[in-house]
Amino acid sequence: MRFLLLFSRQGKLRLQKWFTPLTDREKKKVIRDMMMLVLARQPRSCNFLQWRDLKIVYKRYASLYFCAGLEDKDNELLALEVLHRYVELLDKYFGNVCELDIIFNFEKAYFILDEFLMGGEILETSKLAVGVSLEEADTLQETMEEYMSKPAY
Amino acid sequence: MLFATFLQPSFRLNRLLYTPFVYCRRSHNLAKLLYVHMLGYPAHFGQMECVRMIASPRYSEKRVGYLGAMMLLDEKQDASLLITNSIKNDLSNSNQYIQSLALCTLACMGSAEMCRDLAPEIDRLLRASNSYIKKKAALCAVHIVRKVHDLGELFTKAARSLLTEKNHGVVHGAVVLITELCERNSETLERFRKTVPDLVQIMKGLVISGYSPDHDVAGISDPFLQVRILRLLRILGRNNEAASDAMNDLLAQVATNTDSTKTVGNAVLYETVLTVLDIKSESGLRVLAVNILGRFLLNNDRNIRYIAMTSLQKIVGTDHNAVQRHRGTIVDCLKDQDASVKRRALELSLALVSASNIRSMMKELLSFLSSCPPELRSQTASGIFNAAERYAPSQRWHIDTILHVLTTAGGDVRDETVPNLIQLITNTSELHCYTVHKLYRALLSDISQQPLVQVACWCIGEYGDLLLRGECQETEPVQVHRAHDCDPVNPLTAPLSLHNSTPDSRIRSIVSIYGSCIDVELQQRAVEYNALFKKYDHMRAAVLERMPVIEKNSQGHTNGETIKESQTVKVKPGEPQQPANQVCDLLDLLGGSEQPLQPSPALGSAAPPIPVSTPNTVGGDLLDLLGGLEPTPITPVATVTVYEKDGVTVTLGCEKQSDSGLTVTLTASNSTESDIRGFTLQAAVPKSVQLHMKAPSGDSLPARGAAKVTQMVVLNNPNKVNLKMRLRISYTSQGSAVQDTVQIDSFPGLGQ
């Protein structure tokens, strides 16, 4: 996978994850192109597109579009499953996730993504395992007292 | 948390980050900055803060710091090197979540130097840590291998041993790593072929095993891992009989047992089919795979149909017959609503056209053309043309098809279509009448398509008498008049030719209207044609005769045409060169003869056998293109100096070729101190003599006779009149143009 984007129906970006190094300008161009292509699609059309040399897979969940850019050898149907799995993980973590959750806790959305994908590849195939590691990591987040007691650098 | 969506808060955040009292808000503020960055605002001043936070002992700060590093720092930024040390320290941290942060960041934005630095650490983690870290280390290793190919060697051993782990995440990571290593290095690929039995074992375990709540997705056990293993098997089995044999059974089992009601099952089947088609599988298995694709084609789900067609496209070359069986379904997909599906169906349909199904396929393709989305039009049109050219069952069908395309999608066809079509039409002389009628009727209904108008005008001009014989064409010249709206030059030619066959004063009046047209080209042509009408009655018939048959040039150009220079040199000054429009070149009447000898760009070597005896064609700029390529003969038999003035010398030599044929060689040299440019020769001969000037060897004469220019002229004197030649010499020397004329009354070696 080359990139993963989440954006709303109104064209607002909610999450961007790039798995290859690109300049800021290139990133902006890709985002613009993706929004243009995906938002123009009819409701019940095919979820796959061709863009430059990449296969684009997108899926709409409520008001958010999940858009992934794949290389030639990647399996598009599996990518749909990957997007679906990510939504399930978000749902499990936030409990009935909606766009607002992702807006207000975007860093958590990133943390969840980082437990699921790494370097464009799937990291953990078990939903339970991802959930467990997220919970444990969250317990490490310091409370106020702990925060104060740890030395500042 | 308040979220800023305009620029001022960025500055506030910047200040806040450096205020010591807001320490517990530090990570929140960086998070806010990252959000602002996501909205598209500059946030580079946060980079150093990321570096600092990564080094913090507080986990929450580390976490956000690493997130910021992944978002703001990439290998192109200098600050990224600063975190190398932090990452190194964190990789050895006792807390696995801190280790995982470091691994994740390295895998996301690690540059080549960082990767080289930290590779040994990663290798250590691959061998001796818990499964949580192992799986992350494996994917980090994948990133390192992608960045620095040589480091692949380092991870080979560890990757092998990881395959035996129980944890699916680790096995998945190992499979991805092995795939990456094998793709990069063929030796590694050879070594890893030994793992095929192990992979087959793992796969079997997944397929046969019962329900496992951890990994189950709609009844399939860990489809993600299954697909990755299939992909690795594909790479290992490619071009290798032994490995392919070892996986045959497994693939058959997966193909038959996988439940295909849900997308996830189809994903696994898809990967299986791709693997079967790529390795050296036995034929039964191949048939099974193609049948699965056929089933996919009939699926209601558009996605499935799309990927089925994509896969069939890959094998249409090798398993053509198998794919032909599904032609009906594919052609039906042309009518699907979805643009992606349509595109795939179009490509596949064009690949499936063959001699046996050309008629039915063309019907479908033509109906598709009339309703297809605009972005697919030109692809469809060119596809139809290619197919028609290769498999046309008859000329008439071919012409019909092309005309149909021009009327429906004329605006989207490529430029060379028009000359090709004209060539085709001239080659089928028995259909001239039919063609010109059809074209005329097409023009009557719709005059907006430029290629159609071009072809129609040309045909009407050439075969107008056939048209007039058929129907009464009162409105015909008026049609042509309208045609100029989209195509400025050609229409005027058509009435001219028409006039030749059926003199009609209306044509003259229409042409003279354009004598005062705003468009310069039109005006120029109109004036020239008017002149032709008025003054050159004796020439008009000859000039406006039918064009000869165009020989097909293998390079697809239609300029194997030989056009003779007009007999007199006194016609109006030169035609403007039509940029790259070969049709207009052909239709150029009455070329100006200032530059009669153009070295043409066309290098088709096939010489059309135009008989030299008939004073043929619409004379024009293009003269014989062939002569320019032949080396000019070295010295003629006998030479005589015919012109000598201002240092420029022209000598003439002639050689008798036949009873009435004569080859004259003109050689020019320059003995002045300055170079001469733009040297051209023009010749005129008595009326009954035919003149054929070949292209000169060049047009510049360097000073002091350093090089000469030679030009051959072929003469034919069937009536054996007294041979005379008037030669006009033009050149530019020292910035001024010189023109001179000389008459040659006697030719050496002729005995006159």
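Lettering follows sequence order; numbering is per chain, from 1. Below, each value reflects all heavy atoms present in this structure, side chains not excepted, and no hydrogens, waters or symmetry copies.
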A:Phe19/B:Met109 under side-chain contact (heavy atoms from CB on, under 4.5 Å): CA gap, chis, key distance, verdict
CA-CA 8 Å; A:Phe19 298 112; B:Met109 45 73 74; over 6 Å; no
What part of [X] lies closer than 4.5 angstrom to a heavy atom of chain A: side chain, backbone, both or neither?
| X | result |
| --- | --- |
| B:Tyr66 | neither |
| B:Lys262 | neither |
| B:Val170 | neither |
| B:Asp222 | side chain |
| B:His172 | side chain |
| B:Glu271 | both |
| B:Leu34 | both |
| B:Glu180 | neither |
| B:Arg146 | side chain |
| B:Lys136 | both |
| B:Val227 | side chain |

Could you tell me which residues in residues 62-77 of chain A have at least one non-hydrogen atom under 4.5 Å from a non-hydrogen atom of chain B, sorted by residue number?
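Interface residues of residues 62-77 of chain A: A:Lys73, A:Asp74, A:Asn75, A:Glu76, A:Leu77.
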For the interface with chain A, which of [options] has the highest count of heavy-atom pairs at distances below 4.5 Å?
| options | answer |
| --- | --- |
| B:Met71, B:His215, B:Arg63 | B:Arg63 |
| B:Arg231, B:Arg234, B:His168 | B:Arg231 |
| B:Tyr306, B:Tyr132, B:Tyr97 | B:Tyr97 |

Distance in Å, [X] [atom1] paired with [Y] [atom2], rounded so as to fall on 0.5 Å steps:
| X | Y | atom1 | atom2 | answer |
| --- | --- | --- | --- | --- |
| A:Leu113 | B:Met70 | CG | CE | 9.0 Å |
| B:Asn95 | A:Leu140 | CG | CG | 5.0 Å |
| B:His37 | A:Leu13 | NE2 | CG | 9.5 Å |
| B:Phe224 | A:Ile122 | CZ | CD1 | 5.0 Å |
| A:Cys46 | B:Asp301 | SG | CG | 8.0 Å |
| A:Ser45 | B:Arg302 | OG | CZ | 7.0 Å |

Would you call A:Lys55 and B:Thr310 a side-chain contact if the rule is heavy atoms closer than 4.5 Å?
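Side chain of A:Lys55 against side chain of B:Thr310, heavy atoms only: no contact under 4.5 Å found.
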Answer whether the closest heavy-atom distance between the side chains of B:Ser100 and A:Met118 falls below 4.5 Å.
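In short, these two side chains do not touch, never coming nearer than 4.5 Å.
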Please evaluate residues A:Arg44 and B:Asp338 with respect to the criterion salt bridge (Lys or Arg N to Asp or Glu O under 4.0 Å), reporting the C-alpha separation (whole Å), side-chain torsions for both, the decisive distance (0.1 Å), and the verdict.
CA-CA 8 Å; A:Arg44 263 188 308 278; B:Asp338 183 88; over 6 Å; no
Name the region of [X], side chain, backbone, both or neither, that has any atom closer than 4.5 Å to a heavy atom of chain B.
| X | answer |
| --- | --- |
| A:Arg14 | both |
| A:Leu22 | backbone |
| A:Leu123 | both |
| A:Gln16 | both |
| A:Val57 | neither |

